[in-house]
Amino acid sequence: MERRVRVRFAPSPTGPLHIGGVRTALYNYLFAKKHGGDCLLRIEDTDQNRFVPGAEDYILESLSWVGIRFDEGPHVGGPHAPYRQSERKPMYREYAEQLLASGHAYYAFDTPEELEAMRERLKAGSMPAQYDAVSRMSMNNSLTLPADEVQRRLENGDPYVVRIKLPRKEEVRFHDAIRGWVVVNTSQMDDKVLFKSDGMPTYHLANVVDDYLMQISHVIRGEEWLPSAPLHVMLYRYFGWEDVMPVFAHLPLLLKPEGNGKLSKRDGDRLGFPVFPLEWKDPASAEVSSGYRETGYSPEAVVNMLALLGWHPSFNRELFTMEELIEAFSLEKVSKSGAKFDLDKALWFNHHYLMERDPVAIAEELLPIAQSAGFDPDLTYLSAVVSLMREKVNFPKEIIRDGSYFFRDPEVYDQGALAKKWKPETPEFMRKLADTYAQADELTPANAETMFKEQCEAAGQSAGQWMQLLRLAVSGAAAGPPVYEMIALLGQEKSVQRLRVAAEKMKP
């Protein structure tokens, strides 16, 4: 009988969710839905020292914003609840004790000072500074101490950890769905801590136990967890769960735009783009980090951008709905090598989806932004501005910033453009055009263009010689949407008035 596909996204609430984490969640979701399976959210909050208030809610809101819907999780429940590891705490001791009883784990009582001395000693001898099958025999643990001494220390409440007992030299092999066969020798591995005396498991124990109990079939996670995978394989072996061990798939890193290293918040600050899905305010420092949503990216653009950072569809295509991504996605098409973040491509995606949206919906979003800038347009007018301006921008809010001349008369004229195009006869030209426009029955884009070209022809000059001066006169800006459509939208009275003011004030 074929095993049901069940995947999990398991973030730690230690701060804002990195955009790379959103991609990991997306790939898990796409894979599960492609195979008719379940996608779970599990909050891995065993490290209470690093817990950040508000981080879990932030994670949930971020993933909901991009359209990821979980079948099970702390917010929706499910048959394997609870889905926060801190609420599953009592069960982990039982599994640690199982490993101790089978001889696959041991108590270690070493102090931080003793551990540091051990590492320095190994480094001095050019040996790997790790707690392993060799070094553990010179340390304070239940493998070296008499049984009654171990019992006495436990009864006294001495601090301890439970470590996995790895063989000295054994090959660990597993198949990664993205990277193929991975082979590591235990001589290169640490006896990692699995359980602490405070009753909390480490990531390694809790992760494996929960994946087993939640019947996870595929572990799709970031490349940074690849070094931990051999340890997890050994845990499955020691628990006797190898026959239901999940398939591993370690995703490539998201790299800096230059390609040298993992994408970080510092890169976003340096180059002017977000690395978090939503705006985040650090509760400790009150520092605010930008988010894709607040910057003006649409969730569709973010999903498409992330999907193609590391995954290559079988056909040459870049734009997908979520349903189309589910249909097309496969782990076999995920790259082993890191994916460079491309800001230009992110902007391209956002521009595409901006052009596809209903102008009225965009205008409704922009109304409060326009009002906070001191403008008071009605929705119909603002929708028309959106239709004209969105070809020239990547984010909705840029329509208000770059198109301020739709809402107030220009106070200055672009001096660079004016210096290049100015002619001594400019004031007279603008006065005559104002009079012509004032006498028209209606000022449409078509007749605004016809009257302008007729006046240029009468002056013995081409329309191209006057076009930018016309744009400057009515908007003050050197660039913008099609000039005749802009004039028609501003309206006859406003356009005539601006031409007359420009005749008096527009000078290089």
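- Residue pairs that meet the side chain to side chain donor-acceptor pair (under 3.5 Å) test with at least one member in residues 354-370, sequence neighbours left out, are His352-Glu356, Arg357-Glu365.
- By the side chain to side chain donor-acceptor pair (under 3.5 Å) test, Glu332 is found to be paired with no residue, residues two or more places apart in sequence or in another chain being considered.
- Looking at Arg6 and Glu72, a side-chain N of the basic residue comes within less than 4.0 Å of a carboxylate O on the acidic one, giving a salt bridge.
- Using a 4.0 Å cut-off between charged nitrogen and carboxylate oxygen, Lys33 and Asp71 count as a salt-bridge pair.
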| request: Assess whether side chain to side chain donor-acceptor pair (under 3.5 Å) is satisfied between Asn304 and Glu318, documenting all intermediate values. | output: CA-CA 7 Å; Asn304 268 265; Glu318 294 184 304; over 6 Å; no
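- Salt bridge present: Glu324 and Arg317 bring a charged side-chain N and a carboxylate O closer than 4.0 Å.
- Using cut-offs of 30° and 60° on the angle between ring planes, the pair Trp311 and Phe329 is tilted.
- Heavy-atom neighbours of Lys165 NZ from other residues, nucleotides or ligands within 6.0 Å: at or below the threshold of 12.
- Salt-bridge annotation for Glu242 and Arg173: absent, with no side-chain N of the basic residue lying under 4.0 Å from a carboxylate O of the acidic one.
- Ring geometry, Phe109 versus Tyr107: the interplanar angle falls under 30°, so the pair is classed parallel (tilted spans 30 to 60°).
- Ring pair Phe315/Phe320 is tilted by interplanar angle, where 30° to 60° counts as tilted.
- Look at Glu61 and Arg293 and you find a salt bridge, because one of the NZ, NE, NH1 or NH2 atoms lies within 4.0 Å of a carboxylate O, short of that distance.
- Salt-bridge check for Asp38 with Arg4: passed, with a basic side-chain N closer than 4.0 Å to an acidic carboxylate O.
- Checked against salt bridge (Lys or Arg N to Asp or Glu O under 4.0 Å), Glu87 has the following partners two or more places apart in sequence or in another chain: Arg84.
- Between His232 and His204, the two ring planes are tilted [angle within 30° to 60°].
- In this structure, Arg93 is not positioned above the aromatic face of Tyr95 in the sense of NZ or CZ being under 6.0 Å from the six-membered ring centre and within 45° of the axis.
- For Arg8 and Asp211, the salt-bridge test passes: some basic side-chain N is under 4.0 Å from an acidic carboxylate O.
- A salt bridge is defined here as a Lys NZ or Arg NE, NH1 or NH2 lying under 4.0 Å from an Asp or Glu carboxylate O, and Glu44 with Arg42 meets this definition.
- Residue-environment remark: CG (Asn316) stays at or below the threshold of 12 foreign heavy atoms within 6.0 Å.
- Annotation: Lys196, atom NZ; neighbour count of heavy atoms from other residues, nucleotides and ligands within 6.0 Å is above 12.
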| field | ring pair (Phe, Tyr, Trp, His ring centres under 6.0 Å) evaluation trace for Tyr92 with Phe195 | value | CA-CA 8 Å; Tyr92 300 121; Phe195 197 80; 8.0 Å; no
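- Taking 4.0 Å as the cut-off between side-chain N and carboxylate O, Asp269 and Lys265 count as a salt-bridged pair.
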